[in-house]
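Written below as structure tokens is the structure these notes are about.
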Amino acid sequence: MILSTVRALERDFYGRDAGGLARELLGKLLLCDGVGGRIVEVEAYGGADDPGSHAFRGRTRRNASMFGPPGHLYVYFIYGVHWCANVVCGAEGVPGAVLVRALAPTHGVDAMRRRRARARRERDLCSGPARLCQALAIDGSHDGADLVGGHAGVRLFDDGTAPPARPRRGPRIGLAAGAERPWRWYVAGDSNLSRPG
DNA sequence: CCGCCGATCTTT
DNA sequence: AAGATCGGCGGG
């Protein structure tokens with residue numbers, strides 16, 4: 001019998017570019033204060049070369065975390081309503097991040113249901129970038145949080161589950177500019193995706 | 001199931 | 001004015 005080992009990810013895991021990190025993040029566990037799940041859908045975002053990225057036109061107050069060191073969170077507020085969370089990657093000073101778009105709930109489902117009372121089914125808890133932030137209680141206070149230190153309660157773990165050998169890939173969702181780039185990766189057939197696939 | 005619409009913050 | 005979204009509502 002093989003005992004599964006759960007370990008927090010080290011800084012160098014985050015040093016690669018957004019596309020590479022995106023694929024490596026599939027299957028990892030994202031937890032905030034012990035509540036969260038397995039990443040099943042992500043999107044990669046670059047910098048000045050990516051018209052779909054918040055960093056395309058340079059640094060602003062909102063996107064500053066995208067320019068910071070890898071292994072931290074970039075949490076932004078959108079449509080005046082929702083929070084969304086990204087994992088910052090690449091070298092410090094070079095903007096890049098991976099948007100976490102969906103989780104398969106694994107830890108603290110009761111807490112998630114309380115925070116998302118309008119979610120009828122378990123697959124409605126974390127099936128979208130703003131939904132999962134609500135379920136995990138991630139908000140602006142977590143912008144810039146260090147995932148490696150984990151001091152803000154947010155951490156990524158590897159429990160031995162390998163990323164899918166052939167993740168499905170397609171255009172990023174909700175973009176006008178840069179929509180042609182197939183930088184969304186997801187676990188084929190997972191019931192928690194932000195849209196079926 | 002689908003499409004429309006409002007929520008109202010950030011940046012342009 | 002539009003945006004890396006969501007949920008409620010109306011219609012088929």
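Being a predicted model, the structure only gives us computed values, none of them experimental. All chains are named by letter (A, B, ...) in the order of the sequence lines, taking the proteins before the strands, and each is independently numbered beginning at 1.
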Does some side-chain heavy atom of A:Leu30 sit less than 4.5 Å from a side-chain heavy atom of A:Leu136? yes

Full working for side-chain hydrogen bond (donor to acceptor under 3.5 Å, both in side chains) between A:Asn192 and A:Ser127: CA-CA 5 Å; A:Asn192 298 280; A:Ser127 52; over 6 Å; no

Pair A:Arg11 + A:Asp146: basic N to acidic O under 4.0 Å: yes

Would you call A:Arg172 and A:Asp50 a salt bridge, using N to O less than 4.0 angstrom? yes

For residues 39-48 of chain A, pull every pair meeting side-chain hydrogen bond (donor to acceptor under 3.5 Å, both in side chains), keeping only residues two or more places apart or in separate chains. A:Glu41-A:Arg101, A:Glu41-A:Arg184, A:Glu41-A:Ser194, A:Glu43-A:Tyr45

The answer to which of A:Ala119 and A:Ala85 contacts DNA chain C further toward the 5' end, by nearest nucleotide, is A:Ala85

Using the P atom as the point on both nucleotides, what is the distance between C:dG12 and B:dC5, in whole Å? 15 Å

For A:Arg169, does the CZ atom sit with more than 12 other heavy atoms under 6.0 Å from it, leaving out its own atoms? yes

Other hydrophobic cluster members with A:Ile173, side-chain heavy atoms of Ile/Leu/Val/Met/Phe/Trp/Tyr under 4.5 Å, chained? none

Distance, nearest 0.5 Å, that separates CG of A:Leu9 from CG of A:Leu29: 9.5 Å

Using a 4.0 Å cut-off on heavy atoms, which residues in residues 60-67 of chain A reach DNA chain C? List them by number, or say none. A:Met66

Could you go through residues 78-99 of chain A and list every donor-acceptor pair under 3.5 Å that involves a side-chain atom there, pairing it with any protein atom two or more places apart or in another chain?
unit_1, atom_1, unit_2, atom_2, d
A:Asn86, OD1, A:Leu99, N, 3.4
A:Asn86, ND2, A:Tyr74, O, 3.2

Indicate yes or no: at least one non-hydrogen side-chain atom of A:Ile39 is less than 4.5 angstrom from one of A:Val100. yes

Going by an N to O cut-off under 4.0 Å, is there a salt bridge joining A:Asp159 and A:Arg38? yes

May I ask you to list the residues of residues 125-133 of chain A, by number, that have any heavy atom positioned under 4.0 Å from an atom of DNA chain C? A:Gly128, A:Pro129, A:Ala130, A:Arg131

Short N-O contact, A:Asp124 and A:Arg121, less than 4.0 angstrom: yes

List the steps and the verdict of side chain to side chain contact (heavy atoms under 4.5 Å, CB included) for A:Leu25 and A:Leu156. CA-CA 9 Å; A:Leu25 282 180; A:Leu156 274 164; 3.9 Å; yes

Just the table, please: protein N/O against nucleotides 3-9 of chain B N/O, every pair under 3.5 Å.
none

Six-ring centre of A:Phe13, A:Arg16 cation under 6.0 angstrom, axis tolerance 45°: yes

Heavy atoms of chain A, cut-off under 4.0 Å: which first and last nucleotide of DNA chain C, 5' to 3', fall inside that, if you could look? C:dG3 to C:dG8

DNA chain C-proximal residues of residues 92-114 of chain A, any heavy atom under 4.0 Å: A:Leu99, A:Arg101

Side chain to side chain contact (heavy atoms under 4.5 Å, CB included) filter on A:Leu31, not counting sequence neighbours, yields A:His107, A:Phe157

Reading DNA chain B 5' to 3', what string of ( ), [ ], | and . shows its pairs, if Watson-Crick and G-U wobble pairs count only when both distances fall under 3.5 Å? |||||||.|||.

Find out whether A:Val187 and A:Arg168 are in side-chain contact, i.e. whether some heavy atom of one side chain is under 4.5 Å from a heavy atom of the other. no

A:Arg120 near the nucleic acid: base, sugar-phosphate alone, or nothing, with a heavy-atom cut-off under 4.0 Å? nothing

Side chains of A:Val154 and A:Leu73, heavy atoms from C-beta outward: is any pair under 4.5 Å? yes

One pair to check against side chain to side chain contact (heavy atoms under 4.5 Å, CB included): A:Arg131 and A:Leu125. What are the steps and the verdict? CA-CA 6 Å; A:Arg131 289 174 176 177; A:Leu125 291 175; over 6 Å; no

Partners passing side chain to side chain contact (heavy atoms under 4.5 Å, CB included) against A:Phe56 (at least two apart in sequence or in another chain): A:Pro51

Let me see the working for A:Asp143 and A:Tyr76 under side chain to side chain contact (heavy atoms under 4.5 Å, CB included), right down to the final yes or no. CA-CA 7 Å; A:Asp143 183 36; A:Tyr76 67 89; over 6 Å; no

With the threshold set at under 4.0 Å for non-hydrogen atoms, list the residues of residues 166-177 of chain A touching DNA chain C in residue-number order. A:Ile173, A:Gly174, A:Leu175, A:Ala176

